[in-house]
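Reading through the structure tokens given below for one structure.
FYI, the numbering just counts along the sequence from 1.
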Amino acid sequence: MIPVPGYEGRRVAVFGLGRSGITAARALLAGGAIPILWDDSVSGRMQAQAEGFEVEDLTAADWRGFAALVLSPGAPLTHPKPHWTVDRAHEAGVPVIGDVELFARALAVLPQDQRPKMVAVTGTNGKSTTTALIGWVLKQAGLTVHVGGNIGIGVLALPEPKADAVYVIEVSSYQLDLTTSFTPDVAILTNVSPDHLDRHGGMEGYVAAKRRIFAAQGPDAVALVGVDETWGQGVFDALYAAGRHTVSISTDPSAAAQEGYAARAGAVLKDGEVIADLSAARSLPGRHNAQNAAFAYAAARALGVSHEAAVEGLLTFPGLAHRMEAVGHIGSVRFINDSKATNADAARQALASYPSVFWIAGGVPKAGGIADLADLFPRVTKAYLIGEAADAFAVTLGSTPHVVSKTLDAAVAAATADAQAAGGEQIVLLSPACASFDQYPDFEARGEAFRAAVLNLGAAPEATA
């Protein structure tokens, strides 16, 4: 746990008692604050009371007595409209912050020579794989590494800071909206495509939230920016023009001319030359994973890791659960769990990695559905559609062979039978291009359900690295 200083003896409102909220309350208490907790759900309040926290109905509280409001990233800050706690805080002149901002402030009070290094990763897609990959590479190089944030452990639940440690933090746009002094030594924007637009008031607000990862960086910090989209290129251009130490990462070698790296399937390149051959890296298939590897390589080098150690770390990466994860095989039929692909752009990366697939897709659709994937439909041998999006996806697929399976178990069974009947090496791919909330609480639960369905059919689990 990382105690949060600066609020000793002062009341701090904490709304939203999920993982980040309850962890923030513990860290505030450890730093001497008086956290006052509230949640719309009875279960959240009961958990807080069971831990001995003071629970108070914030709708009836005197907000003038609070030093800050620590807001759950799940509660809207500005759009579609501010959460009622935000309105109350603004009326009373109370600053609204999040757990990542508390983490930043805890590090900022340390003497310069005692501060750990920090790598922060955001982006629409690829941020979890990139975060995990960086953590792995740095650990294999012998560094003391703590990985958390929007992936795995809440950032304030990580071990207390020590000078020789490196924090590798995944941050969402929601979390970045609640920061003002977040200062990573290496900040990464993997890519930007339309997502969460209702929460940010449109694309401009979404990009602005992502750009906040660079806003408070010091003059010696490094910014790594994916430039394959117009929005990412715009962020790179603005930082580069401002004289920031900015490095581009692209899947187009010609776009990575300014101190940048390029990626193609199976390789990371610098100045047109292969500097990391990824052909032996089983957990990094496809061009998008090569780009993730380029981010990890660049981050490791920025922290002083040798070229040899960085490449060795890339080659031994075991992969990330629910992201292009090989979960089993029945004969020559392999099953790939890409449940984390909750939008079409993420699903594109998986579909583009295989010449043909038996594709399981569906759930709660994002804006635009799967229309943007039409160029990849020729790779779909057959699609198996589940959840709320099934009927709409069927219309979009048109003449592409498909069936409305409705449930994941039915889709897995049908796809397996068809893949076996086709003969030869085949891929059954779960890459939903949708959120999971119609049938599962999160993408992890959906991915585990896929794994269970595959193993229940008699698949042999894939060996892990």
Is there side-chain contact between Q47 and D39, with heavy atoms separated by less than 4.5 Å? no

Distance from I249 atom CD1 to N191 atom CG, nearest 0.5 Å? 12.0 Å

Close side-chain approach of F450 to H322, heavy-atom, < 4.5 Å: no

Hey, what do you get for OG1 (T316) to NZ (K139), rounding to the nearest 0.5 Å? 12.5 Å

Please confirm whether the backbone N or O of A263 pairs with a side-chain atom of R287, one donor and one acceptor, at under 3.5 Å? no

With no hydrogens and no angle check, do the side chains of D409 and T407 hold a donor and an acceptor under 3.5 Å apart? no

Check: F53 and L17 side chains under 4.5 Å, non-hydrogen atoms: no

Do R105 and T180 come close enough that some side-chain heavy atom pair is under 4.5 Å? yes

My understanding is that only residues two or more places apart in sequence, or in another chain, count here; which of them pass ring pair (Phe, Tyr, Trp, His ring centres under 6.0 Å) with Y354? none

List the steps, then state whether side chain to side chain contact (heavy atoms under 4.5 Å, CB included) holds for M324 with S353. CA-CA 9 Å; M324 299 283 288; S353 297; 3.6 Å; yes

Using atom types as modelled and distance alone, determine if a side-chain donor or acceptor of S283 lies under 3.5 Å from a backbone N or O of F317. yes

Measure the CD1-CD1 distance between I427 and I336 for me, rounded to the nearest 0.5 Å. 5.0 Å

Within this structure, what is the NE2-OG1 distance for the pair H288 and T251, rounded to the nearest 0.5 Å? 11.5 Å

Crowding at NZ, K117 (>12 non-hydrogen neighbours, <6.0 Å): no

Using the six-membered ring of Y174, assess whether NZ or CZ of R199 lies under 6.0 Å from its centre and within 45 degrees of the ring axis. yes

Between E56 (side chain) and W38 (backbone), is there a donor-acceptor pair under 3.5 Å? no

Atom CD of E448 and atom CG of L455: how far apart are they, to the nearest 0.5 Å? 9.5 Å

Assign the ring pair Y206 / H200 to parallel, tilted or perpendicular, where the plane angle (0 to 90°) is split at 30° and 60°. tilted

Kindly indicate whether the side chain of V428, heavy atoms from C-beta on, has any atom under 4.5 Å from the side chain of V412. no

Taking A371's backbone N and O only, do any of them form a donor-acceptor pair with T396's side chain (distance below 3.5 Å, no angle check)? no

Taking CD in E444 as the centre, count heavy atoms belonging to other residues, nucleotides or ligands within less than 6.0 Å. Is the count above 12? yes

Between R446 and A435 (side chain of the first, backbone of the second, donor and acceptor by atom type, cut-off under 3.5 Å), is there such a pair? yes

Can a side-chain donor-acceptor contact be found between S128 and K340 if the only test is distance below 3.5 angstrom? yes

Backbone of P73 reached by a side-chain donor or acceptor of Q175 within 3.5 Å: no

I need the minimum non-hydrogen distance between K366 and N343, along with the two atoms involved. CG-CB, 4.1 Å

N-O pairing of D62 and R64 below 4.0 Å: yes

When you measure from the side chain of S339 to the backbone of F443, do you find a donor-acceptor pair of N or O atoms at a distance under 3.5 Å? yes

Check: N289 and N292 side chains under 4.5 Å, non-hydrogen atoms: yes

Close side-chain approach of L224 and Y261, heavy atoms under 4.5 Å: no

Minimum heavy-atom distance between P365 and C434, given as atom pair plus value: CA-SG, 3.6 Å

Interatomic distance, CD1@I213 vs OG@S172, rounded to 0.5 Å, equals 10.5 Å

Taking all heavy atoms of R115 and all of A108, pick out the closest pair and write down the distance. NH2-O, 2.8 Å

Take Y7 and L102 through the test side chain to side chain contact (heavy atoms under 4.5 Å, CB included) and record every step on the way to the result. CA-CA 11 Å; Y7 296 103; L102 293 178; 4.0 Å; yes

Tell me if a side-chain donor or acceptor on K127 pairs with a main-chain N or O of G123 at a distance below 3.5 Å. yes

What residues, two or more places apart in sequence or in another chain, satisfy ring pair (Phe, Tyr, Trp, His ring centres under 6.0 Å) together with H146? Y167

Which atom pair, heavy atoms only, marks the closest approach of V137 to A300? CG1-CB, 3.9 Å

Just do the side-chain hydrogen bond (donor to acceptor under 3.5 Å, both in side chains) check on S250 and D228 with the steps written out, would you? CA-CA 6 Å; S250 177; D228 284 346; 2.7 Å; yes

With heavy-atom distances below 4.5 Å as the criterion, would you say the side chains of V168 and V166 are in contact? yes

S405 side chain vs Y384 backbone, donor-acceptor pair below 3.5 Å: no

What verdict does the side chain to side chain contact (heavy atoms under 4.5 Å, CB included) test give for I169 and T131, after you've listed the backbone C-alpha separation in whole Å, the side-chain angles of each residue and the deciding distance to 0.1 Å? CA-CA 7 Å; I169 309 299; T131 301; over 6 Å; no

Shortest non-hydrogen separation from S431 to A347 and the atoms involved: OG-CA, 3.3 Å

Determine, step by step, whether D40 and F15 satisfy the side chain to side chain contact (heavy atoms under 4.5 Å, CB included) criterion, reporting the C-alpha distance in whole Å, the side-chain angles of both residues, the deciding distance to 0.1 Å, and the verdict. CA-CA 9 Å; D40 287 335; F15 178 84; 3.6 Å; yes

What closest approach, in Å, do A310 and Y297 show between heavy atoms, and which atom pair accounts for it? CB-CD1, 3.7 Å

Would you indicate whether M203, at its atom CE, is surrounded by more than 12 heavy atoms from other residues, nucleotides or ligands within a distance under 6.0 Å? yes

May I ask you to decide if L58's main-chain N or O and W63's side chain share a donor-acceptor pair within less than 3.5 Å? yes

